Amino acid sequence: MIDREFFLGFVKIHILYHAIKEPIYGVEIMRELARHGYDLSPGTLYPTLHRMERDGYLVSRREVVEGKARKYYRATDVGVRMLEQSKKQIMELVREVVDEK
Ligand SMILES: [Zn+2]
């Protein structure tokens, strides 16, 4: 069982990574995260997306796809910079915690 709060930072990094590559929507990102082993409920994912938008990392746009309203998110420049910064921190973390020499 994964501790949601503990892994939320990883989840946000995933979301940013994918939102930089292409616009993403809730269900799609939930599937992608599940593929990585993060079993997130909509009750956790949607507030996270909203918070990331409020904090300026993502912007959303509504689109109607096959008669359904869908909210697409993509990363802002601030989001892109945050991912770059996160990459450095990830490497630093891996060096200490995983590579431990
Ligand atoms: Zn991914």
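These figures come from a predicted structure and were not determined experimentally. Counting starts at 1 for both ligands and their atoms, following the listed order.
A donor-acceptor contact shorter than 3.5 Å is absent between the side chain of E63 and the backbone of Y72.
Closest of all the heavy-atom pairs between A75 and L16 is CB-CD2, 4.2 Å.
In this structure, R70 places its CZ atom where more than 12 heavy-atom neighbours from other residues, nucleotides or ligands lie under 6.0 Å away.
Around the Zn ion (ligand 1), the protein contributes the following N, O or S atoms at distances under 2.8 Å: H18 NE2, E32 OE2, H36 NE2.
The hydrophobic cluster around V97 extends to L93, counting ILVMFWY residues whose side-chain heavy atoms fall within less than 4.5 Å of a member.
In this model, a donor atom of one side chain and an acceptor atom of the other lie less than 3.5 Å apart for H18 and E32.
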Practice prompt. Could you walk me through whether F7 and K12 pass side chain to side chain contact (heavy atoms under 4.5 Å, CB included), step by step?
Written response: CA-CA 9 Å; F7 285 101; K12 285 176 162 182; over 6 Å; no
